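Structure record follows, encoded as structure tokens.
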Amino acid sequence: MLRGGIIGAGFFAANHLNGWRMVDGAEIAALCDTDTGRLSTMGDQFGITRRYTDAAQMLAEEELDFVDIITTAPSHRPLVELAASSGKHIICQKPFAENLTDARAMVAAAQTAGKTLMVHENFRWQSPVRTAINEIRAGMIGTPFFCRASFRSGYDVFSGQPYLAEGERFIIEDLGIHVLDIVRAVMGDVATVAAHTNRINPKIRGEDVATILLSHDSGMSSVVDCSYATQRSPETFPQTLLEVDGDRGSLYLKAGYRLEIHTNGEVETRDVSPELLSWAERPWHNIQESVLSIQQHFCDCLRDGRQPETSGTDNLKTLTLVEAAYLSASEARTVETNHL
Ligand code: NAD
Ligand code: 89Y
């Protein structure tokens, strides 16, 4: 049984703790947060008695195999480097880092320590998205030549995560990062990025609308469009909608978790709704189920001695797309990813 320590007991941590209770092969032995109130609330809720306000102390005193970092991005580099130098395997929440320099240093730290580093990039593990990815990888629509991945919502994310309203950057770094990662999973790596952003909500600091054109290494193209300023009924938060054209068919992941595969003039339609786990609540159940799936993937990879799909090294490519999108939007030009 792998023993894990959690760092960060804030808004999203309960999802991780609930997930870990269901994972085969791991348990959470200790919890750390600099905020004593959050530490005791979360510790009590999940019956974790080993509690720390200092991550270094937790790592020194506990016999842990891995740490699960659920803090916001500014603390990720020091915490990943601390965990690596303590000889632990690491899961780090997205966004992996505030910039590519930090992210590269974090990957190097884990490599030097010989430890597995996975970024908790869970949207490609949402079961409806995963079904779509698997169908495409199995060749159901042939070779894909176009993908549109769309996340448009008016859901109030700021009440649970107030820091999202305060940062200079918002939707690309917080949410677009997931959608860009899904597109990488479907269409492969990206050569150029052209992005346009807007801020519609006057109460927040960063951009809440982004439209991004990607040109892939394969020569094919994708469009990622994200908005938290879109009023729609029914509200689709937190669904990513997909439209993928291949040379032998098309695949759609439509609102309400409806998968359609169009081939040879016929349409196969499936309900691919995520499971409502016992601890989950709508509309977050889609994300909550994916937390469990990526945690299980991490443990399976450690057991089998293979790299997680969203390893630190892999995630450098997703983070590069985030940086490229901001650079493109600010300078109104197309950015080549290999120049970052
Ligand atoms: P939060 O601010 O509510 O909680 C973070 C907690 O970390 C706080 O309690 C804070 O005191 C603690 N903390 C910060 N630095 C620390 C340190 N050095 N040592 C110990 N504790 C420390 O944030 P949140 O909303 O829970 O989000 C955490 C991360 O999860 C963010 O990066 C966010 O983007 C991500 N997130 C991911 C998803 C997803 O689906 N993957 C969804 C929501 C949030
Ligand atoms: O922080 C974000 C995430 O990763 O998924 C949804 C979210 O909570 C708000 O955009």
Side-chain angles (χ1 to χ4, degrees), residues 5-19 30-43 51-59 67-83 91-98 118-126 129 151-167 169-182 201 204 206-208 210 226-230 236-240 274 280 283-295 310 315 318-319 322:
I6 281 182
I7 307 175
F11 169 77
F12 202 65
N15 297 315
H16 286 234
L17 281 151
N18 273 310
L31 182 62
C32 172
D33 200 299
T34 47
D35 180 317
T36 50
R38 287 182 158 193
L39 183 62
S40 61
T41 303
M42 202 66 76
R51 300 176 192 176
Y52 297 85
T53 52
D54 177 9
Q57 192 187 350
M58 178 175 83
L59 287 163
V67 291
D68 188 10
I69 299 169
I70 325 170
T71 62
T72 49
S75 55
H76 286 177
R77 179 173 176 179
L79 290 172
V80 165
E81 289 180 339
L82 172 70
I91 305 173
C92 180
Q93 256 294 353
K94 51 58 65 175
F96 185 33
E98 292 184 294
M118 181 183 85
V119 179
H120 187 111
E121 180 40 82
N122 52 328
F123 272 39
R124 65 162 77 188
W125 286 100
Q126 290 172 0
V129 171
F151 186 107
R152 312 192 76 79
S153 169
Y155 188 84
D156 171 25
V157 288
F158 309 109
S159 54
Q161 297 169 265
Y163 56 88
L164 295 178
E166 293 155 13
R169 293 176 165 189
F170 170 39
I171 201 168
I172 299 175
E173 182 180 76
D174 170 65
L175 188 283
I177 194 168
H178 291 302
V179 185
L180 289 164
D181 190 69
I182 290 171
N201 180 348
I204 67 169
E207 84 291 350
D208 53 3
C226 305
S227 163
Y228 267 128
T230 299
T236 49
F237 178 87
Q239 298 175 51
T240 303
W284 286 87
H285 63 301
N286 180 31
I287 289 180
Q288 289 164 321
E289 186 200 36
S290 70
V291 169
L292 169 60
S293 298
I294 197 169
Q295 289 170 333
T310 58
N315 200 257
T318 295
L319 204 58
V322 169

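Computed from a predicted model, the values in this text were never measured in an experiment. For ligands, and for the atoms within them, numbers begin at 1 and follow the listed sequence. The figures here come from the full heavy-atom set of this structure, side chains too, leaving out hydrogens, waters and symmetry mates.
- The atoms of ligand 2 that sit less than 4.0 Å from any heavy atom of W284 are 8 (O).
- Only side-chain heavy atoms of N122 come within less than 4.0 Å of ligand 1; its backbone N, CA, C and O stay farther off.
- Using a 4.0 Å cut-off between heavy atoms, T71 contacts ligand 1 through both its backbone and its side chain.
- Atoms of ligand 1 lying under 4.0 Å from any heavy atom of I70, numbered from 1 in the order shown and given with element: 5 (C), 28 (C).
- When heavy-atom distances to ligand 1 are checked against a 4.0 Å cut-off, I287 comes that close only through its side chain, counted from C-beta outward.
- Judged by the shortest distance from any of its heavy atoms, Y155 lies outside the 4.0 Å radius around the atoms of ligand 2.
- Here is the list of ligand 2 atoms found below 4.0 Å of a heavy atom in F123: 5 (O).
- Close contacts of ligand 1 with Q161, meaning ligand atoms under 4.0 Å from a residue heavy atom, involve 25 (O), 43 (C), 44 (C).
- C32 and M58 make their closest contact through CB-SD, 3.8 Å (heavy atoms, listed as atom of the first residue, atom of the second, distance).
- Residue Q161 approaches ligand 2 through these ligand atoms, each under 4.0 Å from one of its heavy atoms: 1 (O), 7 (C), 8 (O), 9 (C).
- Neither the backbone nor the side chain of E121 has any atom closer than 4.0 Å to an atom of ligand 1 (non-hydrogen atoms only).
- Of all atoms in ligand 1, listed by their number and element, those nearer than 4.0 Å to a heavy atom of G10 are 3 (O), 4 (O), 6 (C), 9 (O), 26 (O).
- Among protein heavy atoms, atom 1 (O) of ligand 2 sits closest to D174 OD1, 2.5 Å.
- Remark: ligand 1 and Q93 share an N or O pair separated by less than 3.5 Å (distance only, no angle test).
- Atoms of ligand 2 lying under 4.0 Å from at least one heavy atom of H178, given by number and element, are 3 (C), 4 (O), 5 (O).
- For the pair Y163 and ligand 2, the shortest N or O to N or O distance does not fall below 3.5 Å.
- Per-residue contacts place I7 under 4.0 angstrom from the following atoms of ligand 1 (heavy atoms of the residue considered): 19 (N), 20 (C).
- Residue T72 has no nitrogen or oxygen atom sitting less than 3.5 Å from a nitrogen or oxygen atom of ligand 1, judged on distance alone.
- One finds no salt bridge joining R169 and D174 here, because no Lys/Arg side-chain nitrogen approaches an Asp/Glu carboxylate oxygen to under 4.0 Å.
- Close approach of ligand 1 to P95 (heavy-atom distance below 4.0 Å) involves ligand atoms 32 (O), 34 (O).
- Exactly one residue among H16, Q93, H120 makes a side-chain hydrogen bond (donor to acceptor under 3.5 Å, both in side chains) with D68. That residue is H16.
- Using a non-hydrogen distance threshold of 4.0 Å, F12 does not register as a contact of ligand 2.
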